[in-house]
A.B. asks: 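Supplied in structure tokens, the structure appears directly below.
Every heavy atom of this structure was used, including side-chain atoms; hydrogens, water molecules and symmetry mates were not.
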Amino acid sequence: MVNILGPEGFEGMYVVEGLKSAMKVPGVALYIYGKQSSKPRRKLGHITATGRTAAEAIARATKARKSIKLVPSNTGGSA
């Protein structure tokens with residue numbers, strides 16, 4: 001499992017980009033919690049992955065996480 005955390009130096013409304021790319025990684029399940037605002041290191045979701053070995057599962061989860069970006073939303077505002 002790999003956590004999806006709010007980026008350092010940002011607080012407010014956000015959009016998750018790269019979900020389709022992350023879901024293309026075999027054995028990956030993605031969970032976005034639907035929290036409306038991000039704070040540094042706030043847990044916003046997680047990725048789980050399976051593989052034939054623990055190393056393969058970790059590599060898959062890491063690859064999927066690298067596909068995901070949290071960016072400020074255009075709606076503005078902060079929490």
Side-chain angles (χ1 to χ4, degrees):
M1 183 181 86
V2 175
N3 288 322
I4 300 170
L5 303 176
E8 295 293 332
F10 172 74
E11 187 170 328
M13 304 294 283
Y14 67 98
V15 176
V16 182
E17 294 181 346
L19 296 174
K20 287 182 183 181
S21 294
M23 291 304 299
K24 288 180 182 178
V25 179
V28 164
L30 178 62
Y31 302 90
I32 302 296
Y33 303 154
K35 295 177 181 175
Q36 291 188 355
S37 66
S38 175
K39 295 179 182 178
R41 303 198 47 81
R42 182 180 194 191
K43 189 171 179 184
L44 303 172
H46 70 270
I47 296 167
T48 58
T50 59
R52 289 177 293 223
T53 64
E56 182 179 54
I58 291 167
R60 288 176 173 182
T62 301
K63 180 178 181 180
R65 177 61 186 98
K66 288 180 179 178
S67 299
I68 294 174
K69 291 184 181 178
L70 301 172
V71 297
S73 95
N74 291 331
T75 61
S78 63

A.B. asks: With the 4.5 Å side-chain cut-off for hydrophobic clustering, are Leu70 and Met23 part of the same group?
C.D. replies: yes
A.B. asks: With salt bridge (charged side-chain N to carboxylate O under 4.0 Å, His left out) as the rule and sequence neighbours excluded, what pairs involving residues 65-74 come up?
C.D. replies: none
A.B. asks: For a quick test of reading the model, state the closest non-hydrogen atom pair linking Val15 to Ser73 and the distance between them.
C.D. replies: CG2-CB, 3.5 Å
A.B. asks: Identify the heavy atoms of Ala57 and Gly51 that sit nearest to each other, and give their distance.
C.D. replies: CB-N, 3.8 Å
A.B. asks: Could you tell me whether the side chain of Ser38 reaches within less than 4.5 Å of the side chain of Met13, counting heavy atoms only?
C.D. replies: no
A.B. asks: Going only through I, L, V, M, F, W and Y residues with side-chain contacts under 4.5 Å, is there a path from Val28 to Tyr31?
C.D. replies: no
A.B. asks: Is the number of heavy atoms from other residues, nucleotides or ligands under 6.0 Å of Glu17 CD greater than 12?
C.D. replies: yes
A.B. asks: Sort and list the pairs that fulfil ring-ring contact (aromatic ring centres under 6.0 Å, His included) and have at least one residue in residues 1-24, not counting sequence neighbours.
C.D. replies: none
A.B. asks: Locate the shortest heavy-atom distance separating Gly9 from Pro40; write the atom from each residue and the value.
C.D. replies: N-CG, 4.0 Å
A.B. asks: Compare all side-chain heavy atoms of Ile58 with those of Thr53 and state whether any distance is below 4.5 angstrom.
C.D. replies: no
A.B. asks: Counting heavy atoms not belonging to Lys24, are there more than 12 under 6.0 Å from its NZ?
C.D. replies: no
A.B. asks: Do Leu5 and Ile47 sit in the same hydrophobic cluster, where Ile, Leu, Val, Met, Phe, Trp and Tyr count as joined when their side-chain heavy atoms come under 4.5 Å apart?
C.D. replies: no
A.B. asks: Checking Glu56 now: which residues fulfil salt bridge (charged side-chain N to carboxylate O under 4.0 Å, His left out) with it, not counting sequence neighbours?
C.D. replies: Arg52, Arg60
A.B. asks: Linking I/L/V/M/F/W/Y whenever their side-chain heavy atoms sit closer than 4.5 Å, directly or via other members, would Leu30 and Val2 fall into one cluster?
C.D. replies: no
A.B. asks: Could you report the tightest heavy-atom contact between Ala64 and Ala22, atom names first, then the distance?
C.D. replies: O-CB, 3.5 Å
A.B. asks: Quick one: do Ile68 and Ile4 satisfy side-chain contact (heavy atoms from CB on, under 4.5 Å)? Show the steps, please.
C.D. replies: CA-CA 9 Å; Ile68 294 174; Ile4 300 170; 3.9 Å; yes
